Amino acid sequence: MSDMSFLRLDGLTLAYGKTPAVEGLNLDIHRGELIALLGPSGCGKTTTMRAIAGLMPVRAGQITLDGRDITRVAANRREVGLVFQSYALFPHLTVFENVAFGLRLKGMSGKALEDKVMAAIASVGLTPFAQRKTPDMSGGQQQRVALARSMVMEPKVLMLDEPLSNLDARLRLEMRTELQRVQKKTGLTMIFVTHDQIEALALADRIVVMRNGAIEQIGTPEDIYNRPESAFVADFVGFETIFALKDGAMVTKGEPVPVPDAPAGAAALAWRPRAVTFGEGRFEGTVLSSSFAGSAREYLLDTPLGPVKAEVDAALPAHDLGATVRFDLPVATAAALRRAE
Ligand SMILES: Nc1ncnc2c1ncn2[C@@H]1O[C@H](COP(=O)(O)OP(=O)(O)OP(=O)(O)O)[C@@H](O)[C@H]1O
């Protein structure tokens with residue numbers, strides 16, 4: 001068996017009663033990879049993780065972990081860890097006892113237990129807090145306790161459901177680095193769920209973008225950010241101006257715009273605000289809104305083509321609302337999408 005299929009989902013189909021949640025999902029995860037499941041609310045991220053953890057029956061398909069079919073194996077025998085958004089720590093127990101809990105259930109005690117627990121606590125940088133009760137700790141520290149408690153069980157795969165969503169902006173950044181550090185140090189295969197594209201781009205080795213219970217695109221952060229395949233993914237990673245191509249022309253709100261130099265096979269063209277030429281070009285639009293963002297200024301333009309978002313250097317003179325400006329959509333700065341939806 002190759003490392004390519006350390007964790008393999010094969011035609012995974014999941015449903016809540018008559019409501020389908022995930023349909024025929026195929027995914028191969030390497031040993032030691034950090035994978036982000038990214039997508040809008042309701043696309044099936046949590047349901048997929050619950051199925052891998054054994055908390056959700058599989059309607060059809062197969063889950064294989066390290067060469068073993070675990071599709072119908074009980075949750076506690078899967079060697080899969082799951083850290084919930086809420087951490088679910090025991091408030092009356094110390095950090096040490098929270099982390100030791102699962103090992104005690106397995107019958108471990110004494111020095112062996114202590115060594116393992118303290119090593120797990122050390123790996124998340126909480127050694128000085130081992131005897132503290134968890135309610136007396138910050139959100140980020142509690143998150144680390146939850147991480148240590150799962151890691152100490154030495155799962156083959158550790159899954160985290162929106163691990164950073166309860167933290168404030170500063171702690172989120174700190175825990176992002178921490179999570180990456182712990183993962184690289186331990187070589188643990190990890191899957192985390194997020195609907196935050198910045199978090200997925202910053203953390204993951206590969207990103208799995210989901211939509212309506214299926215995989216829309218799988219790739220490295222660079223692939224997803226620079227080479228989105230569909231309008232759905234492009235829009236998700238900040239290409240805000242997207243036009244479908246039909247018969248060699250862009251389909252716009254008004255007249256079709258011929259694009260003789262469109263890349264072969266492209267179904268749509270997409271521009272980030274920064275890639276739109278502003279102040280000159282073939283087209284004209286009216287400033288609908290303008291927002292200052294430090295080094296840049298963003299304009300939303302009302303144009304005969306449809307809405308266009310452009311970003312320019314904030315040092316340039318600002319345009320008033322209602323002002324008429326010229327702009328262009330150069331093919332050279334566009335991403336060519338294979339799917340227009
Ligand atoms: N307990 C449930 N009973 C019935 N349907 C459910 C239940 N939980 C989820 N669903 C449905 O299954 C689909 C997938 O939901 P899931 O929770 O996996 O999405 P998600 O991508 O994790 O969303 P979020 O980002 O909001 O957590 C959705 O259509 C959802 O409405």
Side-chain angles (χ1 to χ4, degrees), residues 7-29 33-63 65 70-72 74-75 78 80-88 139 142-143 146-147 150 155 157-169 172 175-176 179 189-204 206-219 221 224-225 228-238 339 341:
L7 175 63
R8 163 169 259 175
L9 309 181
D10 208 353
L12 193 66
T13 299
L14 310 166
Y16 295 92
K18 288 198 163 61
T19 313
V22 168
E23 199 69 48
L25 189 131
N26 299 310
L27 179 61
D28 278 309
I29 294 176
E33 251 192 321
L34 180 50
I35 294 283
L37 295 185
L38 176 69
S41 186
C43 70
K45 307 180 295 289
T46 303
T47 305
T48 301
M49 274 205 336
R50 287 170 49 85
I52 297 170
L55 303 174
M56 170 94 200
V58 171
R59 285 284 167 93
Q62 198 178 38
I63 307 173
L65 177 58
I70 59 163
T71 318
R72 319 234 173 266
R78 286 194 178 199
V80 169
L82 180 56
V83 178
F84 292 101
Q85 213 178 92
S86 59
Y87 317 148
Q142 291 189 30
Q143 167 70 9
L147 198 58
S150 287
V157 178
L158 182 58
M159 296 186 297
L160 306 122
D161 194 359
E162 304 251 2
L164 310 178
S165 64
N166 288 341
L167 308 177
D168 66 39
R172 264 179 106 106
M175 274 308 293
R176 210 192 265 171
L179 205 63
T189 308
M190 276 193 199
I191 304 176
F192 73 100
V193 160
T194 181
H195 55 246
D196 178 348
Q197 50 120 339
I198 308 274
E199 198 164 286
L201 291 167
L203 264 174
R206 282 194 302 157
I207 297 174
V208 177
V209 184
M210 291 184 66
R211 173 193 195 183
N212 292 336
I215 293 179
E216 181 77 4
Q217 188 174 348
I218 305 177
I224 301 291
Y225 191 77
E229 288 172 358
S230 65
F232 177 83
V233 176
D235 183 49
F236 214 76
V237 295
R339 296 193 299 278
E341 294 278 302

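Small disclaimer: the values here were computed from a predicted structure and weren't measured. Atoms within a ligand are numbered from 1 in the order they appear, just like the ligands themselves.
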Could you check whether any side-chain N or O of R211 sits under 3.5 Å from a backbone N or O of V233, counting only pairs where one atom can act as donor and the other as acceptor? no

I'd like to know if the side chain of R59 and the backbone of T13 have a donor-acceptor N/O pair within less than 3.5 Å. no

Can you confirm whether F232 is buried at CZ, in the sense that more than 12 heavy atoms of other residues, nucleotides or ligands lie under 6.0 Å from that atom? yes

Name each donor-acceptor pair under 3.5 Å that joins a side chain in residues 18-25 to protein atoms two or more places apart or in another chain, with its distance.
{"from": "T19", "atom 1": "OG1", "to": "Y16", "atom 2": "O", "distance (Å)": "3.4"}

With no hydrogens and no angle check, is any side-chain donor or acceptor of R78 less than 3.5 Å from a backbone partner on T71? yes

Charged N to carboxylate O under 4.0 angstrom, R172 versus E199? yes

List by chain and number: which residues place a heavy atom under 4.0 Å from ligand 1? Y16, A21, P40, S41, G42, C43, G44, K45, T46, T47

